[in-house]
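Step one of this worksheet: look at the structure below.
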Amino acid sequence: AKAAHKHIVFPEADCADILACAEKLLSDDIAEVTLVGDPDQITTVANEHSIDVGGAHIFDCTSEEVRETLVEPVLAASEMFSEKSIRRKAKNPLNAALFLVLIGKADCCAAGRVLTTGEVIIAAQTIIGLADGINTISSVGIVDAPGFTGPEGSMLAIGDCAINVLPDAPTLADIAISSADTVSNLLGWEPRVAMLSFSTDGSSEDESLDVIREGIKIARERRPQLKIDGEFQLDTAINPVSASRKLKRESDVAGKANVLIFPNIHAGNIGVKLIQTFGHADAYGPILQGFAKPICDFSRSAPLSEMMGNILMLLVRAE
């Protein structure tokens, strides 16, 4: 991230945790930083918490004159907005930040410490839009689990734990493919994607399994070169001994998966909180996937270490 030295914009600049992250980026010369909001309010919060963000750019979205600088560049970058709508939307710090990314004044946007995931996603879909060929916004997280030893050491990717509640088969396929691409681009892994279930390769039968099996089929048809397999129970996916006992066929994924895809958000949300609570793991993310520009959404309960991990991954993706 430091080598790339990209430009990140923060719309929640009245939040002390956001300013602390900005201070770290600036003091270590990792990235160029823009804070969006009322300069007086930003200064007040920074002073109250003894945070130095003197090296950051400030985009004052409360100023009509400053907002006006967005109008012509946004009109040139997108046909979706009128002059009137740009002026109106830019009063909102999140919208203003996303406009800055859209017109190339910043490379990426990090939000969600105060805003909800839904607010971030809706605004990003409206202003940034989807990447070519992508139909689904999804998320992936990077887990660093002490004591776990897998093909990537103590790390695993997990998805989707934040966006799609009950994904259908095409959506599951999108999540699997997007997650594989994210870990490949971000971390240089060769993705081995396991589609998780309570069943391993037909050990149980239930109509709920049809969605997972169809999702695997669609993903393989769309990206036959990717290693995607299942349905697998968790131990079959990541434990070579369990895989050898439970799976009676060859698999490039079983026992050595580095990307785990949950069947729905219920399992995903519970799963990530279990490994955080009982496994004392750091879970970096959620990394939002599918937008035309890099966007990240913080967990509102994440410690600063996870926030910084999320920011650094965002900056690498922006490269």
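The figures here come from the full heavy-atom set of this structure, side chains too, leaving out hydrogens, waters and symmetry mates.
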Donor-acceptor check, side chain of [X] to backbone of [Y], threshold 3.5 angstrom: yes or no?
X    : Y    : result
N258 : R192 : yes
R317 : L186 : no
D107 : L315 : no
S27  : E23  : yes
E12  : G112 : yes
D206 : S208 : yes
S203 : S199 : no
N269 : I265 : no
K105 : L102 : no

Chi angles and distances behind the salt bridge (Lys or Arg N to Asp or Glu O under 4.0 Å) call for R213, E231: CA-CA 7 Å; R213 292 166 182 168; E231 79 276 6; 2.9 Å; yes

Stepwise side-chain contact (heavy atoms from CB on, under 4.5 Å) test for D14 and D38: CA-CA 8 Å; D14 55 354; D38 182 338; over 6 Å; no

Considering all heavy atoms, the nearest [X]-[Y] contact:
X    : Y    : answer
M195 : A176 : SD-CB, 3.9 Å
M307 : F298 : O-CE2, 3.7 Å
C61  : P93  : SG-CG, 3.8 Å
A267 : P263 : CB-CD, 4.2 Å
R222 : P170 : NH1-O, 4.4 Å
S251 : F232 : OG-CZ, 3.9 Å

Would you say that more than 12 heavy atoms from the other residues, nucleotides or ligands in this model lie under 6.0 Å from the [atom1] of [X], or not?
X    : atom1 : answer
Q225 : CD    : yes
E221 : CD    : yes
E68  : CD    : yes

Does the side chain of [Y] come within less than 4.5 Å of [X]'s, by heavy atoms?
X    : Y    : value
I212 : I261 : no
L100 : T34  : yes
L25  : M308 : yes
L130 : N135 : no

From I158, N310, L187, residue fulfilling side-chain contact (heavy atoms from CB on, under 4.5 Å) relative to I142: L187

So, taking the atom named [atom1] in [X] and the one named [atom2] in [Y], what distance separates them when rounded to the nearest 0.5 Å?
X    : Y    : atom1 : atom2 : value
L234 : S242 : CG    : OG    : 9.0 Å
S78  : I103 : OG    : CD1   : 11.5 Å
E119 : N95  : CD    : CG    : 10.5 Å
L115 : I121 : CG    : CD1   : 12.0 Å
D168 : N264 : CG    : CG    : 12.5 Å
T62  : D40  : OG1   : CG    : 8.0 Å

Can you give the donor-acceptor pairs under 3.5 Å from side chains of residues 281-297 to other protein atoms, not counting sequence neighbours?
residue: D282; atom: OD2; partner: Y284; partner atom: OH; Å: 3.3
residue: Q289; atom: OE1; partner: S179; partner atom: N; Å: 3.3
residue: Q289; atom: OE1; partner: T182; partner atom: OG1; Å: 2.7
residue: Q289; atom: NE2; partner: S138; partner atom: OG; Å: 2.8
residue: D297; atom: OD2; partner: T117; partner atom: OG1; Å: 2.6

In one Ile/Leu/Val/Met/Phe/Trp/Tyr side-chain cluster, 4.5 Å: [X], [Y]:
X    : Y    : answer
I275 : I238 : yes
L196 : F148 : yes
L314 : L94  : no
I311 : L26  : yes
L98  : I58  : no

Derivation of the side-chain contact (heavy atoms from CB on, under 4.5 Å) call for L35 and L19: CA-CA 9 Å; L35 303 171; L19 296 184; 3.8 Å; yes

Evaluation steps, side-chain contact (heavy atoms from CB on, under 4.5 Å), between V253 and V193: CA-CA 7 Å; V253 175; V193 183; 5.8 Å; no

Parallel, tilted or perpendicular: ring planes of F81 versus F99, cut at 30 and 60 degrees: perpendicular

Derivation and outcome, salt bridge (Lys or Arg N to Asp or Glu O under 4.0 Å), residues E190 and K256: CA-CA 11 Å; E190 179 188 15; K256 46 186 177 287; over 6 Å; no

side-chain contact (heavy atoms from CB on, under 4.5 Å) evaluation trace for I270 with F262: CA-CA 10 Å; I270 293 166; F262 291 100; over 6 Å; no

Among T236, D201, D235, side chain to side chain donor-acceptor pair (under 3.5 Å) partner for K246: D235

Test log, rule side chain to side chain donor-acceptor pair (under 3.5 Å), inputs T171 and N164: CA-CA 8 Å; T171 301; N164 296 281; 5.3 Å; no

